[in-house]
Amino acid sequence: MKTIAYQQCINPNCAATFDVGQTLTACTGCGELLDINYQWNKAALPKSLREFQARWQNRRFPLDYSGVWRFRDLLPFASDAMVCTVGEGQTFLQNAVCLGRHLGMWPGQLWLQYEGMNPSGSFKDNGMTAAFTHARIVGAQRVACASTGNTSASLALFAAMNGFQGIVFIGTGKIAFGKLSQALDYGARTLQIEGDFDTCLARVRQVSGQLGLYLMNSVNPFRLEGQKTIMYRILEALNWESPDWIIVPGGNLGNCSAFGKAFFELRELGLIKRIPRLAVINATGANTLHELVAGGLTWNGGNVNQAAITEHYKRMERDGIHAHTVASAIEIGHPVNLKKALRALHTMNGVVAQVTDEEILEAKALIGRFGFGCEPASAATIAGLQQLLARNIISRHERVACVLTGHGLKDPDATVYYHTGVNTKQAKQPEAQATWGHMSNQPVKVADDLDAIVQALGLDKNTLNNSRSTGYVPTPVELPFVEY
Ligand code: F0G
């Protein structure tokens, strides 16, 4: 018996099922979101998660090399021949010793999952490989998405590599130039329409149905199947032990939904003993999930209080509230995966926090100062961690894995502005920011002259020549220690 994959409505009162050969982004019965579910043939599954890691050494076989498809037994909806892979998911979990120490955590307990190391520079590639595989199965030729930037970059890359026509819709919000440049370079037809991301997504959902475009946003349940694997890789890096916490930024809420599904299934399959807790971090200017959860909204066995959600959106409209944050990737007011996110919070005993733009940018500078760096949205994780430590929701001794969703070079304007105060126009800025960055690292203007350079480096010229080394001793990093 083979494992059978099917699509299923997440509303337990409907639970309609559909063939995986259909192209759907909502239940045709009740309009709710869909999952990809499986009738597992447990006998054909690895007996332990450990069995997956051997595949990685088989680097010449693209499906084993991929950080998504080497776990293909856990997302078995396609035959190997149909898979569209570009080598996604070669990402790593870094033990952020110095940053963890700086935040007052116990040694070695902070881990950063660098999803920016994907081919298009963000976690989206994990989902795109799965959705493009489905697009190939159903014979789609044109693929489309609305995007705050990363989805469009990833779509454009996969389309170019796999022979699809890519079409991306961006709003009039300020898309980071790193991301826009990718969509343009990879040849996607790029349409900028009046309105923010929420307007854009509503329009592209309508248009894709009418024009037969295959929709690549995270309402596409196949996207989330690929994104589940980020959790498998974190487990793998921790020798198949769950961390205590997973922290992730919340925008359209696809990622956190996928993480909840990953752990739900692993528990169901008896492949994991303990499920980590989940912290989803909103920006205060795009905090729909935070507001609704703070107001008492829960998954409630699938009977989510729709009236509360409708009321919230009505209030936003009445008060003219639109999402606004320096973290342009998560500038989303109407997150489409809201209900799945509530389910993930239930599965993972999760919490939701919100952080300000200033906190995001300071956290981003901290992450950069201690290593590889990331784009602003990803830094919401560390800003959220700081807050949750201060509120004693996360303890210093707990093991925490933060998902850094996008590469630092995606949005260099935000970084340059933080450090120099020079607004390159593309940089979105928090309002009323008088002085800039606590960790601002300004370039120093210096004359083309040895003495001037020595002085600017704070060195003594006399000790430079007569010592065995250059005499340069790096000064230890002096950063304020955070007390809780
Ligand atoms: N981090 C980054 C870097 C993102 O690009 C996004 C979403 C998120 C976090 C939020 O993830 O939507 O799963 O909650 N970017 C989308 C885009 C919306 O169009 O690129 P989510």
Side-chain angles (χ1 to χ4, degrees), residues 5 7-15 32-40 42 45 49 71 74-75 113 123 126-127 130 218-219 221-236 238 240-282 288-290 292-294 296-305 309 335-353 381 384 388 393-394 398-403 405:
Q7 311 193 54
Q8 185 166 32
C9 175
I10 66 162
N11 174 2
N13 306 316
C14 169
E32 277 300 346
L33 296 165
L34 296 171
D35 275 328
I36 306 305
N37 283 338
Y38 306 95
Q39 232 171 39
W40 298 100
K42 290 195 186 170
L45 274 177
L49 287 171
F71 300 103
L74 297 171
L75 49 147
Q113 175 70 11
F123 75 94
N126 294 285
S218 54
V219 283
F222 292 93
R223 272 269 312 270
L224 304 196
E225 289 305 286
Q227 287 169 218
K228 286 189 315 194
T229 63
I230 300 170
M231 294 300 103
Y232 306 154
R233 295 198 297 273
I234 288 181
L235 291 174
E236 185 177 46
L238 296 175
W240 305 109
E241 269 177 37
S242 288
D244 295 301
W245 288 89
I246 300 286
I247 308 188
V248 63
N252 228 354
L253 306 179
N255 235 2
C256 59
S257 300
F259 299 172
K261 187 170 188 288
F263 285 109
F264 183 86
E265 288 173 350
L266 290 181
R267 185 175 56 190
E268 202 187 24
L269 293 170
L271 289 168
I272 195 174
K273 289 197 190 73
R274 194 169 61 89
I275 293 185
R277 295 190 69 187
L278 173 70
V280 184
I281 316 297
N282 272 164
T288 297
L289 180 70
H290 179 267
L292 286 169
V293 169
L297 192 70
T298 62
W299 171 241
N300 191 27
N303 297 305
V304 178
N305 182 352
I309 301 173
V336 290
N337 290 297
L338 178 65
K339 288 185 183 169
K340 283 188 178 178
L342 294 171
R343 187 177 64 179
L345 288 167
H346 174 76
T347 304
M348 298 178 71
N349 187 16
V351 298
V352 185
T381 54
L388 293 169
I393 292 173
I394 298 182
E398 289 186 296
R399 190 190 258 187
V400 177
C402 294
V403 183
T405 45

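Interatomic distance, Leu297 CG to Thr288 OG1, rounded to the nearest 0.5 Å: 11.5 Å. Expressed to the nearest 0.5 Å, how far CG of Asn37 lies from CD of Glu225 amounts to 8.0 Å. Taking CD1 of Ile309 as the reference point, atom CG of Leu338 lies at 4.5 Å (rounded to 0.5 Å). For the atom pair CG (Leu34) and CD (Gln7), the distance works out to 6.0 Å, reported to the nearest 0.5 Å. Leu345 CG to Cys256 SG: the interatomic distance, rounded to the nearest 0.5 Å, is 6.5 Å. Taking OG1 of Thr347 as the reference point, atom CZ of Phe263 lies at 11.0 Å (rounded to 0.5 Å).
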Original post:
When you look at Leu224 and Asn337, which way does the side chain to side chain contact (heavy atoms under 4.5 Å, CB included) test go after all the steps?
Top reply: CA-CA 10 Å; Leu224 304 196; Asn337 290 297; 4.3 Å; yes
Subject >> Stepwise side chain to side chain contact (heavy atoms under 4.5 Å, CB included) check, Leu269 with Lys42 >> reply: CA-CA 8 Å; Leu269 293 170; Lys42 290 195 186 170; 3.9 Å; yes
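The side-chain heavy atoms of Ser242 and Ile275, taken from C-beta on, include no pair separated by under 4.5 Å. Side-chain contact between Leu289 and Leu342 is present, with at least one heavy-atom pair separated by less than 4.5 Å. Side-chain atoms of Val280 and Leu253, non-hydrogen and from C-beta on, do get closer than 4.5 Å to each other. Counting heavy atoms from C-beta outward, Trp245 and Val351 have side chains that approach closer than 4.5 Å.
By the side chain to side chain donor-acceptor pair (under 3.5 Å) test, Asn303 is found to be paired with Asn13, residues two or more places apart in sequence or in another chain being considered. Evaluation of the side-chain contact (heavy atoms from CB on, under 4.5 Å) rule for Ala353 yields Ile281, Gln387, Leu388, Arg391 as partners, not counting sequence neighbours. Glu265 meets the side chain to side chain donor-acceptor pair (under 3.5 Å) test with Lys228, Lys261; sequence neighbours excluded. Taking Arg399 as the reference, Gln109, Trp111, Leu238, Glu241, Pro243, Asp244 meet the side-chain contact (heavy atoms from CB on, under 4.5 Å) condition, with sequence neighbours excluded. Legend: residues meeting salt bridge (charged side-chain N to carboxylate O under 4.0 Å, His left out) with Lys340, ordered by chain and number and at least two apart, are Asp35. A search for salt bridge (charged side-chain N to carboxylate O under 4.0 Å, His left out) contacts involving Glu32 returns Lys339, not counting sequence neighbours. Not counting sequence neighbours, the partners of Thr229 by the side chain to side chain donor-acceptor pair (under 3.5 Å) test are Arg233. For Thr381, there are no side chain to side chain donor-acceptor pair (under 3.5 Å) partners at least two apart in sequence or on another chain. With sequence neighbours excluded, the residues satisfying ring pair (Phe, Tyr, Trp, His ring centres under 6.0 Å) with Tyr38 are Trp40. Take Tyr232 and apply the ring pair (Phe, Tyr, Trp, His ring centres under 6.0 Å) test, not counting sequence neighbours, and it matches Phe71.
Residues Pro276 and Ile246 share a closest heavy-atom pair of CG-CG1, 3.9 Å.
Sorted by first and then second residue, the pairs that involve residues 251-260 and meet side-chain hydrogen bond (donor to acceptor under 3.5 Å, both in side chains), not counting sequence neighbours, are Gln227-Asn255.
Phe123 pairs in a side-chain contact (heavy atoms from CB on, under 4.5 Å) with only one of the listed residues (Thr405, Val248, Val403), which is Thr405.
Under the 3.5 Å distance criterion, the side-chain polar atoms of Asn282 are matched with a main-chain donor or acceptor of Gly250. Distance alone, capped at 3.5 Å, places no donor-acceptor pair between the Arg343 side chain and the Trp299 backbone.
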